[in-house]
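Numbering of residues begins at 1 and proceeds along the displayed sequence. Source: prediction; values computed, not measured.
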Amino acid sequence: MKEWFKKKMHWQAAKKVINTIEQAGFEAYIVGGAVRDYYLKKENNDVDIATSALPEEVQAIFTHTIDVGIAHGTVLVLDFGEPIEVTTYRTESGYSDHRRPDAVHFVRNLKEDLKRRDFTMNAMALSKSGDYIDYYNGRQHIDNKVICAVGEPLQRFEEDALRMLRAVRFASQLQFSIEHQTLQAIHQKASTISYISIERIQVELSKIFTSKHTQMGIEYIENTSLSNYLPGKFNHHSWTGFDSEDRQVGWAYFCLVNESDLSLLTAYRCSNKDKLFTKSVLGAYGCLLNGMSPIDLLRYDLSVLETACQFAKWQNNVLPFSFDNLVYRKSALPIQHVNELAFSGRDLMEWSSKKRGAWIKRTLDAAILAVLNREVENDKQQLKEWFHAFHDEG
């Protein structure tokens, strides 16, 4: 038994599932990305099993199951403490939407099942004892650091156009090259990425933005012509040195590379939270380039300011101050948030006997600036006196 199985609960549960299926007279193997990562010695707890047993036979073997994709042969087994997906060996046919098969056919042969998968490194199987079943040279391709389609690349991408972007994503995550025929097939089929929902594309781009080698992925998107069919300009030269594990940072930087075009977030169906973050970071970035006034320091929190400083570095803009200097300057402000101002709009109406209106915001903004410039202490009585002087003047 491999040491990996002894330590990971999902892998322990998968081993028990395989034992139970084999005891019932069927085959069962771990398949997919878990096998690839096992070979790469990387952690992956998303452990899926393929089996020669039909879905109804899997249901009969185990006590607790859920039909999570029964039409495609997938049953979720819950018997051993961790949910494990078990899918019947299958072949597929007809991909009219360039994403999902029109028909699924269950088979009893593992090789046939593995043949339908996207890339050779994802088309391996692993026995419960840790032995590989590798019909398509997946381990050799991993050793050579190359991403290679299973069988005919054009057919693989005709079946599922998202696989093209997945190839780019794997390249940027693993620092692998894309094999020549596979790369040529992506170039030929690039236009079919338009069939894929923008939400699925957004997920793949997010993974590219947060990979270790983002610039490599961006360059592949350009060189394969995928960029011609996706919103925005990718411009891989602008991504030199980019490094972030935060997808929001990636999307904000993508907008910056596109001349601060926030509409791209709508085009890719990003969340309102993504939009607010991007707007804030790009605003802070613009302030950085203009020197960062006290009011700017008050407006943006430290995480946003740090990201803006990173943007300046990635854009080769030399700032006259460091992030540590910004932290010091911000900490030295008389107030750290606008809510800390010692009076409110309600106080202003009481002091002036005037009705609510736009004048309140103008006055509060002026008061904040006066406090930041140390023209007045952040004290309610002193601010009241300042207000009357300000009100009489203006």
Does [X] reach the main-chain N or O of [Y] with its side chain, forming a donor-acceptor pair under 3.5 Å?
X	Y	answer
D379	Q382	yes
N373	E375	no
T182	A149	yes
D274	Q248	no
S331	Y328	yes
R139	M121	no
S260	L256	no
S52	E27	yes
D347	S344	yes
Q184	H180	no

Partners meeting salt bridge (charged side-chain N to carboxylate O under 4.0 Å, His left out) with R108 (sequence neighbours left out) = E57
Partners of E22 by salt bridge (charged side-chain N to carboxylate O under 4.0 Å, His left out), sequence neighbours excluded?
-> K128
If hydrophobic clusters are built by linking Ile, Leu, Val, Met, Phe, Trp and Tyr wherever their side-chain heavy atoms come under 4.5 Å apart, do [X] and [Y] end up in the same one?
X	Y	value
F170	L40	yes
I295	I335	yes
L162	Y268	yes
I61	Y89	no

Before accepting this row, confirm whether a basic side-chain N of the pair [X]/[Y] lies closer than 4.0 Å to the acidic partner's carboxylate O.
X	Y	result
R362	D365	no
D37	K41	no
E112	R116	no

Under the side-chain hydrogen bond (donor to acceptor under 3.5 Å, both in side chains) rule, what do T120 and H141 come out as? Steps first, then yes or no, please.
-> CA-CA 7 Å; T120 58; H141 292 145; 2.7 Å; yes
Checking R329 against F321: charged group under 6.0 Å from the ring centre and within 45 degrees of the axis?
-> yes
Cation-pi check, K111 to Y135: give yes when NZ or CZ is under 6.0 Å from the six-membered ring centre and within 45° of the ring axis, no otherwise.
-> yes
Which label fits [X] and [Y]: parallel for a plane angle under 30°, tilted from 30 to 60°, or perpendicular past 60°?
X	Y	answer
Y39	Y132	perpendicular
W351	H388	tilted
F254	W251	perpendicular
Y253	W239	perpendicular

Min side-chain heavy-atom separation L297-L305 under 4.5 Å = yes
Using 0.5 Å steps for rounding, measure from the [atom1] atom of [X] to the [atom2] atom of [Y].
X	Y	atom1	atom2	answer
E219	T214	CD	OG1	12.5 Å
L341	L364	CG	CG	6.5 Å
L262	L282	CG	CG	6.0 Å
T87	H72	OG1	NE2	10.5 Å

Aromatic contact, F119 with Y136 (centres under 6.0 Å) = no
If you measure only the distance, is there a donor-acceptor pair under 3.5 Å linking the side chains of N122 and R36?
-> yes
Got a sec, which residues hit side chain to side chain donor-acceptor pair (under 3.5 Å) with D67, two or more places apart in sequence or on another chain?
-> Q59
